[in-house]
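One structure is given here, and the rest of the page talks about it.
From a predicted model like this one, the values you see are computed outputs, not experimental measurements.
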Amino acid sequence: MLAKQIDVARRSSARPLPISYIIQTAQQCSCEVYIQGIGIRINAKDYNQMKRDWKPQGNRLVFFLNGADEVAAGDRLKKALEN
């Protein structure tokens with residue numbers, strides 16, 4: 001399992017990240033992708049769980065990746081969410 005912290009404050013756009021963009025990016029990965037929330041891990045590929053449980057706070061997101069392409073998935077998420 002790999003943990004990847006992403007600083008979303010580096011984004012070139014000042015607009016907040018839509019959850020659909022995070023979900024679509026996570027679904028491009030074959031590994032499991034979770035976001036660490038306050039006291040909960042949220043499946044970043046599950047729209048209903050993201051909508052219900054994700055309460056973004058601060059400028060950093062912590063992703064937990066588990067699977068064959070976890071390193072590549074972490075790099076893909078970092079590139080997509082920081083730009």
Same cluster (ILVMFWY, side-chain, under 4.5 Å), Val71 and Leu81: yes

Taking Arg60's backbone N and O only, do any of them form a donor-acceptor pair with Asp7's side chain (distance below 3.5 Å, no angle check)? no

Please tell me whether Met1 and Val62 are part of a single hydrophobic cluster in this structure, the criterion being side-chain heavy atoms less than 4.5 Å apart. yes

With a 3.5 Å distance limit and no angle check, can you tell me whether Glu70 reaches the backbone of Gly67 through a side-chain donor-acceptor pair? yes

What's the spacing between Leu61 CG and Ile6 CD1 if we round to 0.5 Å? 6.5 Å

Work out which heavy atom in Ala3 is nearest to a heavy atom in Phe64; give both atom names and the distance. CB-CE2, 3.7 Å

Answer yes or no: is there a donor N or O on one side and an acceptor on the other, between the side chain of Lys45 and the main chain of Cys29, under 3.5 Å? yes

Below 3.5 Å, can you tabulate the donor-acceptor pairs from side chains in residues 47-56 to any protein atom, sequence neighbours excluded?
| unit_1 | atom_1 | unit_2 | atom_2 | d |
| --- | --- | --- | --- | --- |
| Gln49 | OE1 | Asn43 | N | 3.1 |
| Lys55 | NZ | Arg52 | O | 2.9 |

Ignoring hydrogens, what is the shortest heavy-atom contact between Ile35 and Ala44? Give both atom names and the distance. CG1-CB, 4.1 Å

Determine, for Asp75 against Lys4, whether the closest basic-nitrogen to carboxylate-oxygen distance falls under 4.0 angstrom. yes

Taking Leu65 as the starting point, is it possible to reach Ile40 by hopping between hydrophobic residues whose side chains are less than 4.5 Å apart? yes

According to a 4.5 Å side-chain heavy-atom criterion applied to Ile, Leu, Val, Met, Phe, Trp and Tyr, with indirect links allowed, do Ile23 and Tyr34 form part of one hydrophobic cluster? no

Using the rule given for side chain to side chain contact (heavy atoms under 4.5 Å, CB included), can you reason through Asn66 versus Leu2, listing the C-alpha separation, both sets of side-chain angles and the distance that settles it, and then say yes or no? CA-CA 6 Å; Asn66 189 23; Leu2 173 72; over 6 Å; no

